[in-house]
Amino acid sequence: MGPKLGRRDFCVALPAAVGATWAGGALSGCRGSSPPTPDLVHVSLDVPVGLFDRLSGVQGSPYPEVPEDVEHVDAFIAHHIESARFPQDCPANELTLAGIFPDESADPDDPASYRFEAIDRHVRAALDAGLRVMWQSSYDIGLSDRWVGLNLGGRPIANLDLWARVLARCLEHFTVGWAGGFDRAIADVEFLNEPDGLGGYRGQPEAMYAAFRRFLDVVDAHNLLHPEASVRPVGPGIPLSIFEWPDYYRADFDRLLTAMTADGLRLPVFSFHTYGRNTSPRGNADLAREIRALLDEHGMTGTALWNTEWQGGGFLQQHLDVDPAHLEEATAEERRTYAQGIASYALSCKTRWQGVVTRSFYYRAGRRAWPPGMSSPTGEGDGSVGFFSPEGRVGALALHELLTYRIAQRTPERCAIEIADDPSFTGLGLRGDGAAGALLASLATTSRRALVRFTGGPELTVARVVRIDTDAQTLVEEE
């Protein structure tokens, strides 16, 4: 990717017998001058390392979140999005237990005590789009969200017995039709949004563990009672980056996993969020490998590792000097820079998570950019930075979904690859059905070059070029 951001050329299948040079978004010699020292990339086409996982999940649903929005069911289908997370802030606390069961003095076994109308609209839209739904169940239970500075501030769960009964009934609503509900409409249920942080348990590890254990007990009891409509529990969903890992979170997670194994608790999915001092693609990959290693140390080799909330806005603002929360004032060039950058960032993270993270949910699919909510203290954000515009057009965040779908279609088998230690550089070795190649992307806004060397595999005579037209917001493929 070079400085001209209106169009980009991605060469997905390159000649394997010779080195190919990427310069300014095209093969060397096609246009522009090259920097003196290229990045070196080695792709071993004769060393397959597994299938390419699209990690296609988004936060939010196809149902409109704000009045300006339109339904996005067709757009979700067209972009082949596979899963959705229903979180605490779209809209604020309406889809969690606090919004569904608003009166703590009501009878949790009486269907009349529940307000399912709001979340049911999102569930129906998700089912129409063919999505696998993960419901984030708890946040700020019994109260409404409040703004603390720039962040939503949650509070601990005060009455575990009451809310355990409410959670059990809600699971039955979404899976076995209780209170006019659904037949297996959700597949996964998440404990609490960022408990050691916004969720209200910071500095209270014992209380957090007690709440998390009770959550797991409720889900296990549901699955025992309704094995045909079982759901997968997910947690704890704590935000961190590789920068914070060594000095704080590793010890915390070690204590958490030690307690869980001592108590005989089963954890199908361990979740984390990538926020903090280092959310580069390389940093995110290093963090995932550290968590995976710790899980394995505790014998949790069968526990899946998911990133249930992540985004690239802060990273892009740092490296491209483009603030996604203020794109309303941005120039057309800055918007194109952001669109191309976010696609490259997301693809780079997903590329490096291959084989370690097995599901991810990008923030967010709805119209609003962070901060969420129409009455947030710093403004409403700009819908054009999201997956889809209010009119349903493709937005910046949808480009990487199109790219990952094309990759999975064309060359689904990953190969061994060695790249320079550059946090904003992506390398992906691919092969399939007699074709082989490498997709290279960079966040750099200045011209740069990468020298790609291949070993193994057949020689190729055809290059498939994928052009991303960020003005028309479309992908064009050509031989």
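The structure displayed is predicted, hence computed values, not measured ones.
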Quick one: does [X]'s side chain get under 4.5 Å of [Y]'s, heavy atoms only?
X      : Y      : result
His273 : Asn193 : yes
Val176 : Glu228 : yes
Thr274 : Cys349 : no
Thr358 : Leu305 : no
Phe361 : Met134 : yes
Arg359 : Val269 : no
Asp196 : Pro236 : no
Tyr275 : Gln311 : yes

Taking all heavy atoms of [X] and all of [Y], pick out the closest pair and write down the distance.
X      : Y      : result
Pro281 : Tyr345 : CD-CE1, 3.8 Å
Val356 : Ala288 : CG1-O, 3.7 Å
Ala126 : Phe86  : CB-CZ, 3.9 Å
Ala211 : Ile157 : CB-CD1, 4.5 Å
Ile119 : Phe174 : CD1-CZ, 3.6 Å

Can you tell me how far the [atom1] atom of [X] sits from the [atom2] atom of [Y], to the nearest 0.5 Å?
X      : Y      : atom1 : atom2 : value
Asp128 : Asp74  : CG    : CG    : 9.5 Å
Arg85  : Arg132 : CZ    : CZ    : 15.5 Å
Leu402 : Leu347 : CG    : CG    : 12.0 Å
Trp353 : Ser360 : CH2   : OG    : 5.5 Å
Thr279 : Leu287 : OG1   : CG    : 10.5 Å
Ser280 : Gln318 : OG    : CD    : 9.0 Å

Tell me if a side-chain donor or acceptor on [X] pairs with a main-chain N or O of [Y] at a distance below 3.5 Å.
X      : Y      : value
Thr303 : Pro268 : no
Ser271 : Gly237 : yes
Gln136 : Ser138 : yes
Gln354 : Asp53  : yes
Ser241 : Asn278 : yes
Ser137 : Phe191 : yes
Arg184 : Thr175 : no

Fill in the blank from the handout: Contacts of Tyr63 meeting ring pair (Phe, Tyr, Trp, His ring centres under 6.0 Å) (sequence neighbours excluded), chain-then-number -> His122
Practice task
Identify, with sequence neighbours excluded, every residue that meets ring pair (Phe, Tyr, Trp, His ring centres under 6.0 Å) alongside Tyr114.
Solution key: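 With neighbours one apart ignored, the set is Phe101, Phe116, Trp178.
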Practice task
Start with the C-alpha distance between Leu192 and Phe215, add both sets of side-chain angles, then the distance that settles side chain to side chain contact (heavy atoms under 4.5 Å, CB included), and finish with yes or no.
Solution key: CA-CA 9 Å; Leu192 177 64; Phe215 163 82; over 6 Å; no
Handout entry: Candidate pair Ile81 and Phe387, rule side chain to side chain contact (heavy atoms under 4.5 Å, CB included), full reasoning
Key = CA-CA 11 Å; Ile81 295 174; Phe387 275 78; 4.2 Å; yes
Exercise for the section: Could you walk me through whether Tyr362 and Trp310 pass the ring pair (Phe, Tyr, Trp, His ring centres under 6.0 Å) test, one step at a time? Expected result: CA-CA 5 Å; Tyr362 196 92; Trp310 62 290; 4.7 Å; yes
Exercise for the section: Among Leu267, Val189, Asp188, Val219, find the one that has a side-chain contact (heavy atoms from CB on, under 4.5 Å) with Val234. Expected result: Asp188
Problem - Residue from His80, His79, His400 passing ring pair (Phe, Tyr, Trp, His ring centres under 6.0 Å) with Tyr405 - result: His80
Practice task
Not counting sequence neighbours, which residues clear salt bridge (Lys or Arg N to Asp or Glu O under 4.0 Å) with Asp109? List them please.
Solution key: Arg165, Arg169
Test of understanding: with side-chain contact (heavy atoms from CB on, under 4.5 Å), list the residues that count as partners of [X], not counting sequence neighbours.
X      : result
Asp286 : Ile242, Arg282, Arg289
Asp183 : none
Ala185 : Val123, Leu127, Phe182

Practice task
In sequence, state the C-alpha distance, the side-chain angles, and the governing distance for Asn307 and Phe272, and then conclude on side chain to side chain contact (heavy atoms under 4.5 Å, CB included).
Solution key: CA-CA 5 Å; Asn307 188 325; Phe272 68 104; 3.6 Å; yes
Exercise for the section: Would you kindly say whether Glu401 and Ser56 are connected by a side-chain donor-acceptor distance under 3.5 Å? Expected result: yes
Problem - Worked verdict on Arg352 versus Asn284 for side chain to side chain contact (heavy atoms under 4.5 Å, CB included) - result: CA-CA 8 Å; Arg352 294 168 184 264; Asn284 289 349; over 6 Å; no
